[in-house]
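Step one of this worksheet: look at the structure below.
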There are 2 protein chains.
Amino acid sequence: MELRQLEYFQMVSRLNNITRAAERLHVTQPSITIAIQKLEDELGVTLFDRSQKQITLTAEGQVFLQRVENILRSIQDAMLEMNDYRDLQKGSIKIGIPPMIGSFLFPEIFANFKTLYPHLELCIIEEGSIAIRKLLEKGELDLGIVIISHPSPLLETLPITKGEILLCLPPNHPLVHCSSVPFFQLRGESFILLKEDTYHRQIIMEECSKNKFTPNIILSSSQIETIRGLVAKGVGISFLLDVIARKSADVISLPLSEPLFIEIGLAWKKDKYLSKASQVFIEFVKNL
Amino acid sequence: MELRQLEYFQMVSRLNNITRAAERLHVTQPSITIAIQKLEDELGVTLFDRSQKQITLTAEGQVFLQRVENILRSIQDAMLEMNDYRDLQKGSIKIGIPPMIGSFLFPEIFANFKTLYPHLELCIIEEGSIAIRKLLEKGELDLGIVIISHPSPLLETLPITKGEILLCLPPNHPLVHCSSVPFFQLRGESFILLKEDTYHRQIIMEECSKNKFTPNIILSSSQIETIRGLVAKGVGISFLLDVIARKSADVISLPLSEPLFIEIGLAWKKDKYLSKASQVFIEFVKNL
DNA sequence: GACCCTTACGGCGTACGTAATTATC
DNA sequence: GATAATTACGTACGCCGTAAGGGTC
């Protein structure tokens, strides 16, 4: 059985005339005669009554026509849907966003992208940056926003922006009047950090070990807003990205004497197939 | 787009492996590679991720697979249905007919059915009603005419008609002038019965045991005509269905004092696939 | 190096078109 | 005799199989 035969059959059924059907389909009418004969042979039924000059569907032919109309419509639908994907009328991107970065960078990117590509769905996975990297490497995410200072051989990256990690203090903290703070001075402080699965935390921990002390971590959260609240209340100190810290009126943020810069970027698995939608997103980010 | 491409696509999707798919489909694997490439070209989307050693469906591919599974199933269905019709044109029904019932009921049904469905062949298996029931339950018959007073959990039944079992006597028998005969009066008679594999015989035997005697069976036959001849010659007495007995001029038939009724019907195996032809026959009998 | 997919190429089947034939009104 | 379907036949396109080439683990 061939689709062509079904299409011929459908047209002949509609027109009750092989010659007209042939004209419509831009083939000669013997082609249609043969095609339908073969179809009938294969099915083992007579689809058309040829006893009159004008051929008409038999009872079996009518039943088969119903089926064929359905089948051809389904195929049409499937092709149209694929066209939609091709033309980006459809498609979804699974993208991982870590809390620190997602909270300031993503809303902006997201809004702009959606106005350009309203049909594309962005499926957001909120995880720590280390978890996101693992998911990317496993191929379970299409894209992720990560700190690209720790490059992975499995991932392709595209820088988006840079940020500085600032020390965040309660307003009544003795250090608030310094213009910058050396890291070792934080030795005795209570630290409030992001959860273990983030590079942000890893960076702070590395600084501590460089300065030969183990931080007193009194709390870990993955919610920026929680951390900020705790710092404001004087529970402890923390570290936020500059863009976030600046928006926080109730905490004081200061640069470190040896400033900590991080580079933020988009990442995806090398050599993995990227859906058209993901490719478009990468292009979009490139042109920011 | 070609059906072959869709079939290849489906198999590759299922196995995630072109080589295996090629083996299953009895083609070489380049054929599949090419077919799928062309499909992707036509659709304008990438269906498979070929970056790993093992190819896997892309997001678009997964969507397309759903569609394709549907389409191929529809086509399969359409072909199966046409096969059913083909069987209607060339097909045959294996139907079991017991002697007593077949001899009066079947000729009439058969003749009418044949005029309506001249293409259908009715293949008649003549066996006793018990044997027919067993063949039905084994699935070796499509349909059977049986006495449905003894229902079977494996069989579906459709009542056709009822009949009364009449006592048949030679014209010179002392009981012929009675209007009805009590069964116990037959104690000393010579019985001529149908063979062991019939319910008809079983019913008579049950009556005997109810009346506490063992019949003197001098002969068993499966031929109604033989039985009738023997009764006419005065060899013994027998029992025939009313419709048959009435047509027999050379024997006298009388009702029993406690009349024996049987219900006759069409039966077929539950849950067994019924060919279109058999379905048509059942419908035909329903509308008698 | 083993496995798997893709590319290259030649043969063959077959679907198509042209032309002739048959059938119906 | 006109219209329409079928049959007959030669061509040409395209699918398939064989063989070689590139990737990945």
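Chain letters run A, B, ... following the sequence lines, proteins first, then strands; residues in each count from 1.
For B:Arg24, there are no side-chain hydrogen bond (donor to acceptor under 3.5 Å, both in side chains) partners at least two apart in sequence or on another chain. By the side-chain hydrogen bond (donor to acceptor under 3.5 Å, both in side chains) test, A:Thr19 pairs with no residue at all, sequence neighbours left out.
Between B:Tyr8 and D:dC15 there is no side-chain N or O to OP1 or OP2 distance below 4.0 Å.
Looking at B:Thr58, its side chain does come within 3.5 Å of a backbone N or O of B:Leu47 through a donor-acceptor pair. Using a distance-only test at 3.5 Å, with no hydrogens or angles considered, a donor-acceptor pair links the side chain of B:Gln5 to the main chain of B:Glu2. Of the possible donor and acceptor atoms, one in the side chain of A:Glu42 sits under 3.5 Å from a partner among the backbone N and O of A:Met1.
Contacts between residues 29-42 of chain B and DNA chain D, defined by a heavy-atom separation below 4.0 Å, involve B:Pro30, B:Ser31, B:Lys38, listed by number. Of the residues in residues 45-57 of chain B, those with a non-hydrogen atom less than 4.0 angstrom from any atom of DNA chain C are B:Arg50, B:Lys53, B:Ile55. Residues of residues 12-20 of chain B having a heavy atom closer than 4.0 Å to DNA chain C, listed by number: B:Asn17, B:Ile18, B:Thr19, B:Arg20.
A salt bridge links B:Arg50 and B:Glu40; the closest N-O separation between the charged side-chain nitrogens and carboxylate oxygens is under 4.0 Å. Ion pairing of A:Glu137 with A:Arg133 is present here, as a side-chain N (NZ or NE/NH1/NH2) and a carboxylate O approach within less than 4.0 Å. Under 4.0 Å is where a charged nitrogen must lie from a carboxylate oxygen, and between A:Lys286 and A:Glu283 at least one such pair does. A salt bridge between A:Lys195 and A:Glu126 is absent, with no side-chain N of the basic residue lying under 4.0 Å from a carboxylate O of the acidic one.
When rounded to the nearest whole Å, the span between CE of B:Met1 and C1' of D:dC15 equals 18 Å. Rounded to whole Å, atom C1' of D:dG17 lies 16 Å from atom NE2 of B:His26.
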Inset, instruction - Show your reasoning for whether side-chain contact (heavy atoms from CB on, under 4.5 Å) applies to B:Val285 and B:Ile160. - result: CA-CA 7 Å; B:Val285 170; B:Ile160 300 177; 3.8 Å; yes
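Both tests hold for B:Arg4 against B:Tyr8: distance to the six-membered ring centre under 6.0 Å, angle to the ring axis within 45°.
A donor-acceptor pair shorter than 3.5 Å cannot be found between the side chains of A:Ser220 and A:Glu196. For the residue pair A:Arg67 and A:Asn70, no side-chain donor N or O sits within less than 3.5 Å of a side-chain acceptor on the partner.
Computed from C1' positions of five pairs at each end, the angle between the two local axes of the helix from C:dC5-D:dG21 to C:dC25-D:dG1 equals 40°, rounded to 10 degrees.
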